[in-house]
K.L.:
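This is the structure I have questions about; it appears just below.
In what follows, every chain begins at residue 1, and chains take the letters A, B, ... in the order their sequences are listed.
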2 protein chains.
Amino acid sequence: MTKRTAQSSSIKDVAALAGVSIATVSRVVNGVANKASAETVERVRKAIATLEYRTTSAGRDLRQRTSRLVAVLAANLANPAMAAIAASAETALRGRGLVMVLCDTHDQPELQDEYLREMLAQQARAIVLLGAVESPTLRRLQNSTTPIVFVNRRNPTGHVGSFIGIDNRRAGEDVAQWAIGRGFHKAALIHAPTTSSATRERVVGILAGFAAAGAPIPDHFVLSPNAGDHLNLGLQAAQQLIDMGQAPDLVIGTSDLIAFGAARAWREAGFLALPRMIGFDDSPMNEWLASELSSVRIPYDAFGAAIVEAISTADATSQIVLHHRIVERPWQQRI
Amino acid sequence: MTKRTAQSSSIKDVAALAGVSIATVSRVVNGVANKASAETVERVRKAIATLEYRTTSAGRDLRQRTSRLVAVLAANLANPAMAAIAASAETALRGRGLVMVLCDTHDQPELQDEYLREMLAQQARAIVLLGAVESPTLRRLQNSTTPIVFVNRRNPTGHVGSFIGIDNRRAGEDVAQWAIGRGFHKAALIHAPTTSSATRERVVGILAGFAAAGAPIPDHFVLSPNAGDHLNLGLQAAQQLIDMGQAPDLVIGTSDLIAFGAARAWREAGFLALPRMIGFDDSPMNEWLASELSSVRIPYDAFGAAIVEAISTADATSQIVLHHRIVERPWQQRI
DNA sequence: AAAACGAAGGAAAACGTTTTCCCAAATCGG
DNA sequence: CCGATTTGGGAAAACGTTTTCCTTCGTTTT
């Protein structure tokens, strides 16, 4: 008689069991004030508990023309720092009743566009670009009503958009000061292509920092191969340095991955003593896996809250600056 | 006059523009045969392109009582190997028009339950448990119609469920054989709690392998602390070994993270020469970051396709065994 | 005592699809 | 050339919500 399938129950079942209309159930669920007496609320609550009722999101989304989904489009999930930020975002979003959909754009404009379109069709509540790349659909999205948040890298289309990240220029300067203060005088800088604002600002900061101290990095110590991911990029740049017979006393990578790649070059070349290295991002695994790499730590755990704040506020140009700090790891001199 | 807001267009707009009914549009979109003439299809196609129409998922989901969402509940996203599997899953699912929702359960039953309930309310098409843990809701889900796939770890509730992973027991035996073949005779085994089938089977395989060769690992070389994550677990176990004055010539960890933790213990204790180590999983980063760790490689890239296959088939007990192989990395003897 | 108001709650519309019935026209089999 | 089948397509129901109007009381204000 009653629909007793394995299917979960709907608001109608709850209404029937509680002896009220579905409107009332909805209002109780959503906590609308002054719309139900204490006893009614109680009865509805009990019915909900009995039937283990949970709002079906499709119905809600359809009616409200929006969903609980928040798209997080990450440039590279293989980067543990990005994965850590994504994890932080997921926790924070859930705290607000939102669901994270995570995609890896592999830094490819076409893939990013495909995801953007798909997420619009899903009526995503907001879109978080964790390392955005310039692309047509992104450009067309500027005047959409869907909140877009740029994390780490600024809006690459030239328009100003909501941004969350550290002060990269300042971080670069800090690294330069740190290097000078520690007495390094033959630093090499390996950086990724400056298409991303993060890399660009870091490079500018580093060079400015050295220049201000009267110790500029010579041109032939600044390398920027354009091949492949950051790991291979660091590898190739370092091989180039080695081929040139250069022996820097410090290698600065604009990301930790670059530093990892560089380290591999020296290892493979058979060097026993690697130059000291410093990178950016400092993933949680560094403490365990890269115990000799110093790094500029970005506060991954703080990103989640910042993202939630950014998508909650109506301001599409809000800028949230998170604080970085240099994590210096001891240098193990091998005998 | 016409609804010309920033909102995206609906099936009605397409129908109007193409001069057909919404039913026809729907059929064209979904490729229903024998329901529209070639010219009609063409007209509808053009209208769709003009309006940049994309099906609103809420409407479809509501009608079909299911969604395109596939929930992936990972036990620990900080583990690069899990992140790699998740990335592989995402790509494969997208190829089938499905959307991945990624959650981190932190190996906690309560959190896993919370996610399970949420995903059921979302009418998730399927649920992928990437490292499941025993929990009440999971148990109650046994007779649900939603496909559930267990990856890496088998169904912890005792019921048999769809499984994807390597042959862990066999992998354990392979490691034992490898160790014996390489002449190690003072191996230490550090393993996580055997609540997970993966760990359990690996341990059994390893011990059986050594025993079969007449070279069993002595009890006091088998350690299984129960504190914290795998990194700390490895650290503590290794510290214990060091405190006991033991100097194994090989450390076997049931996961790479355990090996990383163990390595840290020796480093922090000031040892210049670490014991050789072998772990399980072999994340893509190992090649760069852990160039001396040998490991049993699981084929991360193969997981995506396997997951798609598992959730497509009706068989709720399908078992997909992926092939592992030992990646041996050279041992750099430091002078 | 009348008027005004707030509280409690129901009826019904609307959201965008898919899909089941229909029906008309065209094609086919004999 | 007639009945049967196929092809092409429309009308409308249904999916599960939220929310806008109403309506009915009971209470407060004049």
Side-chain angles (χ1 to χ4, degrees), chain A residues 3 5 7-45 47-48 51-69 97 120-125 145, chain B residues 3 5 7-45 47-48 51-69 97 120-125 145:
Chain A
K3 229 194 308 179
T5 74
Q7 302 308 329
S8 56
S9 39
S10 84
I11 199 172
K12 265 188 216 159
D13 305 324
V14 177
L17 182 57
V20 297
S21 75
I22 62 168
T24 299
V25 175
S26 174
R27 291 192 274 247
V28 168
V29 168
N30 296 298
V32 180
N34 289 338
K35 276 308 207 174
S37 68
E39 310 104 76
T40 305
V41 170
E42 181 54 29
R43 250 182 317 142
V44 172
R45 287 246 147 79
I48 288 176
L51 298 174
E52 293 181 318
Y53 168 73
R54 282 208 133 199
T55 303
T56 305
S57 38
R60 191 217 292 120
D61 294 352
L62 184 56
R63 169 67 218 229
Q64 298 185 328
R65 339 178 52 125
T66 180
S67 80
R68 245 71 171 173
L69 260 39
L120 288 180
Q122 294 276 350
Q123 318 229 54
R125 178 72 65 88
T145 58
Chain B
K3 229 196 301 179
T5 73
Q7 302 306 328
S8 55
S9 38
S10 84
I11 199 172
K12 264 189 216 159
D13 306 323
V14 177
L17 181 57
V20 297
S21 75
I22 62 166
T24 300
V25 176
S26 174
R27 290 191 275 246
V28 169
V29 168
N30 296 299
V32 180
N34 289 341
K35 275 308 205 174
S37 68
E39 311 103 77
T40 306
V41 170
E42 181 55 27
R43 249 183 317 141
V44 172
R45 286 245 147 79
I48 288 176
L51 298 174
E52 292 182 314
Y53 168 74
R54 283 207 132 201
T55 302
T56 305
S57 37
R60 193 220 287 120
D61 294 352
L62 184 56
R63 169 67 218 231
Q64 297 185 330
R65 335 177 58 121
T66 179
S67 80
R68 247 72 172 169
L69 260 40
L120 288 181
Q122 295 278 347
Q123 317 232 53
R125 178 72 66 86
T145 58

K.L.:
Nearest 0.5 Å, what's the CD-CD distance between Glu39(A) and Glu42(A)?
P.N.:
9.5 Å
K.L.:
Would one find a side-chain N or O of Arg65(B) under 4.0 angstrom from OP1 or OP2 of dG16(D)?
P.N.:
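Yes, within the criterion.
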K.L.:
Rounding to an integer number of Å, can you tell me how far Glu42(B) CD sits from dG8(D) C1'?
P.N.:
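That distance rounds to 17 Å.
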K.L.:
Between dG16(C) atom P and Arg60(A) atom CZ, what is the distance in whole Å?
P.N.:
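Atom CZ in Arg60(A) sits about 17 Å away from atom P in dG16(C).
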K.L.:
Rounded to the nearest 0.5 Å, what separation is found between the CZ atom of Arg63(A) and the CG atom of Leu62(B)?
P.N.:
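Between atom CZ of Arg63(A) and atom CG of Leu62(B) there are 13.0 Å.
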K.L.:
In whole Å, I'd like the distance from the CD atom of Gln123(B) to the C1' atom of dT17(C).
P.N.:
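The answer, rounded to whole Å, is 14 Å.
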K.L.:
Side-chain N or O of Ser10(A) versus OP1/OP2 of dG16(D): is the shortest distance under 4.0 Å?
P.N.:
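So the side-chain polar atoms of Ser10(A) never come under 4.0 Å of the phosphate oxygens OP1 or OP2 of dG16(D).
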K.L.:
How many whole angstroms separate atom CG of Asp13(A) from atom P of dC15(D)?
P.N.:
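It is 11 Å, rounded to the nearest whole Å.
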K.L.:
Among residues at least two apart in sequence or on other chains, which ones pass side chain to side chain contact (heavy atoms under 4.5 Å, CB included) with Thr55(A)?
P.N.:
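Thr55(A) satisfies side chain to side chain contact (heavy atoms under 4.5 Å, CB included) with Val29(A), Tyr53(A), Arg60(A) once adjacent residues are dropped.
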K.L.:
Determine the contact category for Ser26(A): base if any of its heavy atoms lies under 4.0 Å from a base atom, sugar-phosphate if only primed atoms, P, OP1 or OP2 are that close, otherwise nothing.
P.N.:
base
K.L.:
Find every protein N or O atom lying less than 3.5 Å from an N or O atom of nucleotides 10-12 of chain C, and list the pairs.
P.N.:
from    : atom 1 : to       : atom 2 : distance (Å)
dG10(C) : OP2    : Ser21(A) : N      : 2.7
dG10(C) : OP2    : Ser21(A) : OG     : 2.8
dG10(C) : OP2    : Thr24(A) : OG1    : 2.8
dG10(C) : N7     : Arg27(A) : NH2    : 2.9
dG10(C) : O6     : Arg27(A) : NH1    : 3.2
dG10(C) : O6     : Arg27(A) : NH2    : 3.4

K.L.:
Whole-Å distance between dA11(D) P and Ile11(B) CD1?
P.N.:
14 Å
K.L.:
Let me know the distance between CZ of Arg54(B) and C1' of dT17(C), rounded to the nearest Å.
P.N.:
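The answer, rounded to whole Å, is 16 Å.
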K.L.:
What does the inter-axis angle of the helix from dA1(C)-dT30(D) to dG30(C)-dC1(D) come out as, five pairs per end, nearest 10 degrees?
P.N.:
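End-to-end axis angle: 30°.
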K.L.:
Please tell me whether Ser67(A) and Gln123(A) have a donor and an acceptor in their side chains that are separated by less than 3.5 angstrom.
P.N.:
no
K.L.:
Of the options dT18(C), dG9(C), dT17(D), whose atoms approach the side-chain atoms of Gln64(B) most closely?
P.N.:
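Taking heavy atoms from C-beta onward, the closest nucleotide is dT18(C).
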K.L.:
May I ask you to decide if Lys12(B)'s main-chain N or O and Ser10(B)'s side chain share a donor-acceptor pair within less than 3.5 Å?
P.N.:
yes
K.L.:
Roughly how far apart are Arg45(B) CZ and Thr40(B) OG1, rounded to 0.5 Å?
P.N.:
11.5 Å
K.L.:
In whole angstrom, what separates Leu62(A)'s CG from dC15(D)'s P?
P.N.:
14 Å
K.L.:
Side-chain N or O of Asn34(B) versus OP1/OP2 of dT7(D): is the shortest distance under 4.0 Å?
P.N.:
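So the side-chain polar atoms of Asn34(B) do come within 4.0 Å of the phosphate oxygens OP1 or OP2 of dT7(D), strictly under.
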K.L.:
For dA8(C), take OP1 and OP2 only and decide whether either is under 4.0 Å from a side-chain N or O of Ser37(A).
P.N.:
no
K.L.:
Does the base of dT18(D) carry an N or O that pairs as donor and acceptor with the side chain of Arg63(A) under 3.5 Å?
P.N.:
yes
K.L.:
Does Thr40(A) reach a base, just sugar-phosphate, or nothing at all? Heavy atoms under 4.0 Å.
P.N.:
sugar-phosphate
K.L.:
Report the distance from atom CD1 of Ile11(A) to atom CZ of Arg54(A), rounding to the nearest 0.5 Å.
P.N.:
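The CD1 atom of Ile11(A) sits 14.5 Å away from the CZ atom of Arg54(A).
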K.L.:
Taking side-chain contact (heavy atoms from CB on, under 4.5 Å) as the criterion, tell me which of Leu17(A), Leu51(A), Ile48(A), Thr56(A) meets it with Ser9(A).
P.N.:
Leu51(A)
K.L.:
Rounded to the nearest 0.5 Å, what's the gap from OG on Ser57(A) to CG on Leu69(A)? Could you check?
P.N.:
8.5 Å
K.L.:
Lys12(A) has a side chain; which of dC15(D), dG16(C), dT7(D) sits nearest to it?
P.N.:
dC15(D)
K.L.:
Between Val20(B) and Arg43(B), is there a side-chain heavy-atom distance shorter than 4.5 Å?
P.N.:
yes
K.L.:
Mind checking Asp61(A) for me? I need base, sugar-phosphate or nothing, with any heavy atom below 4.0 Å counting as a touch.
P.N.:
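Asp61(A): no heavy atom of the nucleic acid under 4.0 Å.
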